[in-house]
2 protein chains.
Amino acid sequence: MEKSKGSKSQEEVVYERLFDVIIEQKLQPGVRLTEISLAEIFAVSRTVVRRALLRLSYEGVVDIKPNIGAIVTTTEPKDVPQYFEARRIAEGALIRRVAGKLTTYQEETMRAMVREENRYFLSGNRARGLRKSIDFHFYLADIANNKPLAEMGKKMIARTSLIVAQYNLSGSGGCACVDHSALVDVMVSGPADRAENMMHEHLQHIEDNLYFGKQSLETDLYRILEIDKP
Amino acid sequence: MEKSKGSKSQEEVVYERLFDVIIEQKLQPGVRLTEISLAEIFAVSRTVVRRALLRLSYEGVVDIKPNIGAIVTTTEPKDVPQYFEARRIAEGALIRRVAGKLTTYQEETMRAMVREENRYFLSGNRARGLRKSIDFHFYLADIANNKPLAEMGKKMIARTSLIVAQYNLSGSGGCACVDHSALVDVMVSGPADRAENMMHEHLQHIEDNLYFGKQSLETDLYRILEIDKP
DNA sequence: TTAAAGAATATTGTATACAAAAAAATATTG
DNA sequence: CAATATTTTTTTGTATACAATATTCTTTAA
C-alpha cells in the first residue's frame, strides 16, 4: 500500500504482484497460498514470501491461520455490511477533505483515470477496468492529505473489492455502472456534504448489487501467475 | 491488537510486551529496538523478534527503516493534527454505534474501568492509569460491533497515545483531566450526535494540551524490560 | 585540532536446515 | 464397504549461518 525506494526489495515484488492478482480477481477468495509454491514461483526463499504474506494479512486481503497457512481472505455474508460501513465512513471523510479543493491537475488526472477505466470495461477487459476503478478510489485517498485516513480508506477499498470479487463474479464489476465522473464533478464544485452523500450512495449501490449465492472457487497458482511449473 | 488462542505463541508474547511497554510510555519514541538485544532479552531467536516488530510497525507504534532497523515511532509536530483527526473520525463513528444501546453489563464494566483508572492516577501510578485510560477507549471500540472500524479506532488510539507520550511527558497524562464518566453518561442516555460531539471535544482537549518543546529521550532496554544483562 | 579516509564492528537481509504440526494417504478392522 | 487407526507426506514454525549494508572507531594528512 505504501510506496518506497527506487529498487524494489524482493519482498515488495512478491507483495505487489500478489496484491494486484488478488485485487484483479485472478485469485479467488479461499485459494490457498502455500509458502513453498510462492517461493518457487518468485524464485526467492520462504523467508521473503513469509514477510510478504504477513504484510498482505495486515492489509486484510490474506488470512493467515497459525500452523495452517494463508488463504485469500473470504468474507461471510453476515460480515459484509460492516466492511462497507467502515469504507463509507473512511471514504466519506476522505471526499469531504477534497470537496471543492481540487486542483486543475488533480481534476484532469481523475478525468483521465475515468476515461481509461471506461475504455477497459467497454473493450471487455474486466480485470483491468476493475483495477483502474480501484486506482481511482486510491487516488482520491492519496490527495486528501491525511496519511492515516488514506491508509484506512485504501484498506477498506481493497477489502470491499475482495468482497465484490467473492459475491459479484458475474455481472457489473464493482463500480462500472455508476459513473465515477459524477464523483469528480461534485468534488470540483459541490460542498462537502453533497460530496459525502454521493460517495455514500455510490458505495451503497455497490453493496446492494452483491449476490450471495453459491460460487465455484479453484485455480492453479502457476497458471495465474503465468510461470512454468518446474 | 487482536486476541487469539489459549497458549500464546512466542511472537505474541514479544509483541504484547513491547506494545504494552511502548503504550505505557516506558519506551520513549525514538528509542532504537535492535533485533539481537530483544532476542536476548526474550530468549527467542531473531526470527520471532522480527515478526513481532513487523507487526508493531503495521500497528504504527514502531517504525522500521530498511537496512537500518526499528525505533519506537516518532511524530513530527506538523503531522500531529492528521492523526487526531483520523482518531476523531474513527472513534466518533464508534461511539455513534453504541450511543443509547449500552447494556447494563457494558455500562457497569465501563464505570468500573473509570474508577480503576482514577484510582491509579490519584495514587500517582501514571503509567498504569494511562494504560487503563487506553483500555477504556479500546473497550468502547470492542463493543461497537464493527471489526474493521474497531481496528481503525484502536490503531489511532495507540498512535495518538504515542504522540501524547512524546509531547506531553510532564503534566496531565492523556485523558486524566476530562473525566471518562461523562462519556459513559452520554453513551447510556444521549443521542448519537451528542455522544459524537462529546467524543470530539474530549479528543480535541487532549490534542490542545500537547506541548511541542524539547524532550530528552534515552533509555536502557534491559532495565525497562526488567531483565538482567547477560 | 579537524576532516577525511579506511578498517573494524555491529546490525539487518536472506537462505536454509531442522523441529513441530497438520493434512493426506494407506492400512486395518468391524 | 465404511469407519477408524496408523503411517507417510506436506506444510508451517523456529533457529542459525552467512551475506550485504550501515555504523563506529581508528588512522592519517592538512
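Every chain is numbered from 1, with letters handed out A, B, ... down the list of sequences.
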N/O donor-acceptor pair under 3.5 Å between [X] side chain and [Y] backbone:
{"X": "A:Arg97", "Y": "A:Ala144", "value": "yes"}
{"X": "B:Glu35", "Y": "B:Val49", "value": "no"}
{"X": "A:Ser133", "Y": "A:Gly129", "value": "no"}
{"X": "A:Lys147", "Y": "A:Asp142", "value": "no"}

### Message
Within the supplied structure, the quantity of interest is the number of heavy atoms (other residues, nucleotides, ligands) at a distance under 6.0 Å from A:Arg128 CZ; does it exceed 12?
### Response
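Open: at most 12 neighbouring heavy atoms sit under 6.0 Å from CZ of A:Arg128.
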#### Entry: Watson-Crick or G-U wobble mate for C:dT28, both contacts under 3.5 Å
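Per the H-bond distance test, D:dA3.
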### Message
Could you tell me the boundaries of the chain A footprint on DNA chain C, defined by atoms under 4.0 Å from its heavy atoms?
### Response
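Here the contact window of chain A covers C:dT14 to C:dA23.
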### Query
Quick one: do the A:His137 and A:Arg87 side chains pair a donor with an acceptor below 3.5 Å?
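Indeed, the side chains of A:His137 and A:Arg87 share at least one donor-acceptor pair under 3.5 Å.
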### Query
Would you say the side-chain atoms of B:Arg159 and B:Thr75 include a donor-acceptor pair closer than 3.5 Å?
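A pair is found: one side chain offers a donor N or O, the other an acceptor, under 3.5 Å apart.
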### Query
Just how far, in rounded Å, is C1' of D:dT21 from CD of A:Gln10?
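After rounding, the gap between these two atoms is 15 Å.
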Under 3.5 Å, which protein N or O atoms sit close to an N or O of nucleotides 9-13 of chain D? Give each pair with its distance.
unit_1: D:dT11; atom_1: O3'; unit_2: A:Arg32; atom_2: NH2; d: 3.4
unit_1: D:dT12; atom_1: OP2; unit_2: A:Glu35; atom_2: N; d: 3.2
unit_1: D:dT12; atom_1: O3'; unit_2: A:Asn67; atom_2: N; d: 3.4
unit_1: D:dG13; atom_1: OP1; unit_2: A:Asn67; atom_2: N; d: 2.9
unit_1: D:dG13; atom_1: OP2; unit_2: A:Arg50; atom_2: NH2; d: 2.0
unit_1: D:dG13; atom_1: O5'; unit_2: A:Arg50; atom_2: NH2; d: 3.4
unit_1: D:dG13; atom_1: N7; unit_2: A:Arg46; atom_2: NH2; d: 3.0
unit_1: D:dG13; atom_1: O6; unit_2: A:Arg46; atom_2: NH1; d: 3.1

### Task
Compute both the distance and the angle, then confirm whether A:Lys154 meets the cation-pi test with A:Phe138: under 6.0 Å from the six-membered ring centre, within 45 degrees of the axis.
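Verdict for A:Phe138: a cation-pi partner in A:Lys154.
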